[in-house]
2 protein chains.
Amino acid sequence: MSAIRHALSIKREDDFAQWYQAVIAAADMAEESGVRGCMVIKPWGFGIWERMQRLLDDRIKAAGIQNAYFPLFIPLANFEREAEHVDGFAKEMAVVTHHRLIADGNGKLIPDPEAKLEEPLVVRPTSETIIGDAMSRWVQSWRDLPLKINQWANVVRWEMRTRMFLRTSEFLWQEGHTAHATQDEARAETLRALEMYRAFAEEDAALPVIAGEKPENERFPGARETWSIEAMMQDGKALQAGTSHYLGTNFAQAANIRYQDREGQQALCHTVSWGMSTRMVGGLIMTHGDDDGMRVPPALAPQQVVILPMLREKPEDGALLAYCEEVRAGLAGQSVLGEPLRVLLDTRPGKAASKRWDWVRKGAPIVIEVGSRDMENGVVSLLRRDELWDAETGKPRFQNPSRDVAVQTLSSILADMQTAMFTQAQERRDANITQDITDLGALAEFFGEDQRYPGWVEVQWSRPTGEGLKAVEEQLKALRLTLRNVPVHALPADGTCIFTGQPAIERIYVARAY
Amino acid sequence: MSAIRHALSIKREDDFAQWYQAVIAAADMAEESGVRGCMVIKPWGFGIWERMQRLLDDRIKAAGIQNAYFPLFIPLANFEREAEHVDGFAKEMAVVTHHRLIADGNGKLIPDPEAKLEEPLVVRPTSETIIGDAMSRWVQSWRDLPLKINQWANVVRWEMRTRMFLRTSEFLWQEGHTAHATQDEARAETLRALEMYRAFAEEDAALPVIAGEKPENERFPGARETWSIEAMMQDGKALQAGTSHYLGTNFAQAANIRYQDREGQQALCHTVSWGMSTRMVGGLIMTHGDDDGMRVPPALAPQQVVILPMLREKPEDGALLAYCEEVRAGLAGQSVLGEPLRVLLDTRPGKAASKRWDWVRKGAPIVIEVGSRDMENGVVSLLRRDELWDAETGKPRFQNPSRDVAVQTLSSILADMQTAMFTQAQERRDANITQDITDLGALAEFFGEDQRYPGWVEVQWSRPTGEGLKAVEEQLKALRLTLRNVPVHALPADGTCIFTGQPAIERIYVARAY
């Protein structure tokens, strides 16, 4: 077997942004579409998203939330009702103005001036306003509450600078929307969704995250509170990987979501929304990818084990295929991480060594190569994506268990790998969090001009609001930094605010961010 | 238990169109959204669609087709390349012309004139052109073929007259797109997809269908051949429930999808597309619904068994709940039609009898009511949705098996019900197909002015084309009839063409249609 290292053309430490694009290309996950700001999600990338959908949807349904579907188009009138909300989105909305095309004098298609909409429609950037409208029809009495709905959908925000998965004009997501009788219940749901995202990120995606509350200036437009999970990428930047919003009665007021309480009085609902998107795939790449390509945690891998017979277009191929098929059949009936093991016997034309590197770049957790010598010896050649190289020899680290042992142990190897990938990411994250910076000078020095690996700083602050917060934001902006969140599980404050010098009341993360 | 018949306010035979709307409302499946031509799919309706997605997606993946995702927006230039295609869709397309809103002088939001797109974008009505664009990048050599892709997506066709599920401006669907080296392979894929739809419709949706080729005048814009499955609704009309198109090299030419063949020559691909949509939910309603509401075939029911404890807010409720929970747990581990049985213990507030009728209207296959007397006797009260009424007494036809027998037999009752619903629909369909009409006068008389239950007529024809076919179309239009398809499995022709009087060459269905 070839020991040639088919690494990417660019390493993480040389140019992280270029490396990110190189991984997406090498793993064949996505590509630019030619439509401004929109990507094509290719089968391997979409397969990972489908796995995310399945596992998150199971968690959503287990929480008693029901899926439904609402219109893509939102009338302007819906938007105008919540002022902060419209301010937040008006600058980046795709607007539909016509419903027909005709050919102009030169045979070129143009929007038909006779088919202009009386009221333009916007393509949903998020669905609070349209779902709020439905909720106002569905909620009459306290008996109708809580009302818990989720939607899987595409949304559009006209972004000026786009990057595949991380920021695209169209993206895929789920958006949960719930209505409650009381503030307490609504805030409890906000935190339940946050905890669901934390569990999904850490258990399914092997992404360690910090769950916490965003500061006032980073709230969702129209929200009373915004909570997030934040993940550290390998360049030390933060990625907001899921958000949950307590909307107070703002959207209920705008959409007129009222209920008759037990005493017969009319009252406004308290509403909540929460979302997670294809951005998570970008976070997966920047957390788990390495200089050989993508690495997909077993729970999210469309294929967990890929078997490559080293076919030679000779009569012996039949026996080799039968040998491989026994491995496949032995694995296919097994369960891994609570689901059926996903195994592929890859018999497409092409050399096994070349296909091996295709699967390594895609990040399939386990590749099994089987040649005629393996078959004679009753073994297989097994490569773990998270232990790819032998440090001493510099060659791929093949293991050669007997076929039976391979079939018996692979499901536990996959389960171990899921844990190992999480632990590796968590240790790196924790090693790159600094807690002993107490003045702005030291903060500036810590981050310096370096784009890579500076990590996050947990600082103490006095939670200024309004103009005070704006001043903090400006100070940080000059250092290309942002406030991330106030962690749910933080030590109490015991010092002074790094920004104001006043007694600190809590801790907050500061980082460069996507 | 109440014997009051909580039927719909309108019966099928009184006004089928009104009945259809009444079922959707009574089963709480969907509603108008307030956005022109767009519907809200409510949890029960969406749950049925999710079941359809899951079962059809399994069939798609089993055929070696991979899911991917392509942009919502299509540049006009893509559309202009295939003349017939653009002619077919230009009249009904939503056009995005701006990417920002601003407030006008009166504070009203308008599209920002400064943010007008240089080239308008259309919201996809179907994705041949955008996926063809990607295929032209992905296909280089014969080794890249066949290329088989599927997308689950929303599409928009600006319909002037809409009806929930059957015809809405936005709808959900899957669209398969494949590219092949030869016409033979492409036509084989066209027919494979058609057969997949037939099997899905008949086995999963319990909808008997006729698979066949659409006549030339009913082809998809730009296609060389269009094949369909046609289902008969209870009013005797036909519903096209899925289509598969052989596109020849038309779209490959337009998008430049070429490959180098084994001899090193450049050649155009032959492409295929096939789609099935939320329209299928409408077909399900009009096939299986009755005067008590919806009936969902077990394979598609979000809940197959609903258990209703008759709680009295008394201390005994605890024992009753425990009794019901044992039924639930006993069923939850079982398998029905190859999947885990879906069972709900419904403990929401409200009277059991009232909740029973909710579930009957929704069409849950089995409702189990348990009162304290049932518990004392060790039995349950079981209602099959497809055998709801006792013809003699006019009361609901409850069965009272022991709890153990119920747990042991329910999965086979559900499997029987799946078959019984298909057989019932098939017998009705077959009884309403007429084959002995040989002249246009008799055809006109057969259909008459009656909107209901006239059924379909299988006629013999000479397959005229061009002007000849147009004349046939006009003759039929005067009778409010359309040509449906030439069935795959038909007897050979042995008579004369009902339209032209020439020797017939095949048989074709004529019907009123949705």
Side-chain angles (χ1 to χ4, degrees), chain A residues 31 33-36 38-43 45-47 49-50 66-76 79-80 86 89-103 108-112 115 120-123 130 133-134 137 143 149 153-154 156 158 169-170 172 349-350, chain B residues 31 33-36 38-43 45-47 49-50 66-76 79-80 86 90-103 108-112 115 120-123 130 133-134 137-138 143 149 153-154 156 158 169-170 172 349-350:
Chain A
E31 65 184 25
S33 67
V35 182
R36 204 202 136 286
C38 296
M39 66 193 290
V40 173
I41 309 182
K42 299 181 80 173
F46 197 77
W49 174 243
E50 280 186 308
Q66 294 186 298
N67 286 338
Y69 189 77
F70 298 84
L72 172 68
F73 298 131
I74 304 182
L76 281 186
F79 256 92
E80 285 168 329
V86 72
F89 287 107
K91 293 191 184 103
E92 50 181 41
M93 288 210 277
V95 190
V96 175
T97 55
H98 294 73
H99 63 82
R100 188 163 61 222
L101 298 172
I102 51 161
K108 195 177 143 45
L109 289 175
I110 55 166
D112 183 351
L121 297 169
V122 301
V123 181
I130 195 90
D133 212 43
R137 298 190 295 269
R143 290 183 198 82
I149 295 291
N154 54 343
V156 171
W158 205 267
S169 290
E170 180 190 8
L172 305 181
Chain B
E31 66 184 25
S33 67
V35 182
R36 206 206 134 285
C38 297
M39 67 193 288
V40 173
I41 309 181
K42 299 182 79 173
F46 197 77
W49 174 242
E50 280 186 310
Q66 295 185 296
N67 286 339
Y69 189 76
F70 297 84
L72 172 68
F73 297 132
I74 304 182
L76 282 188
F79 256 93
E80 284 168 327
V86 73
K91 294 193 184 101
E92 49 181 42
M93 288 209 278
V95 190
V96 176
T97 55
H98 294 75
H99 63 82
R100 191 165 56 223
L101 297 171
I102 51 164
K108 193 175 146 46
L109 288 176
I110 54 166
D112 183 350
L121 296 169
V122 301
V123 181
I130 195 90
D133 213 43
R137 298 190 295 270
W138 300 352
R143 288 184 199 81
I149 296 290
N154 53 345
V156 171
W158 205 267
S169 290
E170 181 191 9
L172 306 180

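Naming convention: chains lettered A, B, ... in sequence-line order (proteins, then strands); numbering from 1 in each chain.
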Chemist: For chain A, which of B/V95, B/V123, B/L101, B/V156 has the most heavy-atom pairs under 4.5 Å?
Modeler: B/V95

Chemist: For the candidates B/Q66, B/R36, B/M93, B/M39, which exhibits the highest count of non-hydrogen atom pairs separated by less than 4.5 Å from chain A?
Modeler: B/M93

Chemist: Tell me if a side-chain donor or acceptor on A/E170 pairs with a main-chain N or O of B/L72 at a distance below 3.5 Å.
Modeler: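 Side chain of A/E170 to backbone of B/L72, a donor-acceptor pair under 3.5 Å: yes, one is there.
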
Chemist: Using a cut-off of under 4.5 Å for heavy-atom pairs, which of B/V35, B/I110, B/L121 has the most such pairs with chain A?
Modeler: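 Looking at each option in turn, the highest pair count goes to B/V35.
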
Chemist: Quick check for you: among A/A90, A/C38, A/P75, which has the greatest number of heavy-atom pairs under 4.5 Å with chain B?
Modeler: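 Maximum pair count with chain B is reached by A/A90.
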
Chemist: In terms of ring plane angle, is the pair B/F73 and A/W158 parallel, tilted or perpendicular, where the classes change at 30° and 60°?
Modeler: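 Judged by the thresholds at 30° and 60°, the geometry between B/F73 and A/W158 is tilted.
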
Chemist: At what distance, to the nearest 0.5 angstrom, does CZ of A/R100 lie from CD of B/E92?
Modeler: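 Output value for this atom pair is 11.0 Å.
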
Chemist: Check whether A/P120 gets within reach of chain B through its side chain, its backbone, both or neither, counting any heavy atom under 4.5 Å.
Modeler: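 Contact with chain B is through the side chain of A/P120 alone.
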
Chemist: Non-hydrogen atoms of chain A under 4.5 Å away: do they reach the side chain of B/W138, the backbone, both or neither?
Modeler: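 Just the side chain, heavy atoms under 4.5 Å.
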
Chemist: I need the minimum non-hydrogen distance between A/L109 and B/E80, along with the two atoms involved.
Modeler: N-OE2, 2.8 Å

Chemist: Top residue by heavy-atom pair count (under 4.5 Å) with chain B, among A/T97, A/V122, A/V86?
Modeler: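 That would be A/T97.
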
Chemist: Heavy atoms only, distances under 4.5 angstrom: which of A/I102, A/I130, A/L172, A/D133 has the most pairs with chain B? Name it, please.
Modeler: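 Highest number of heavy-atom pairs under 4.5 Å: A/L172.
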
Chemist: Which bit of B/R137 is near chain A, if near means a heavy-atom gap under 4.5 Å: side chain, backbone, both or neither?
Modeler: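 For B/R137, the contact with chain A is made by the side chain alone.
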
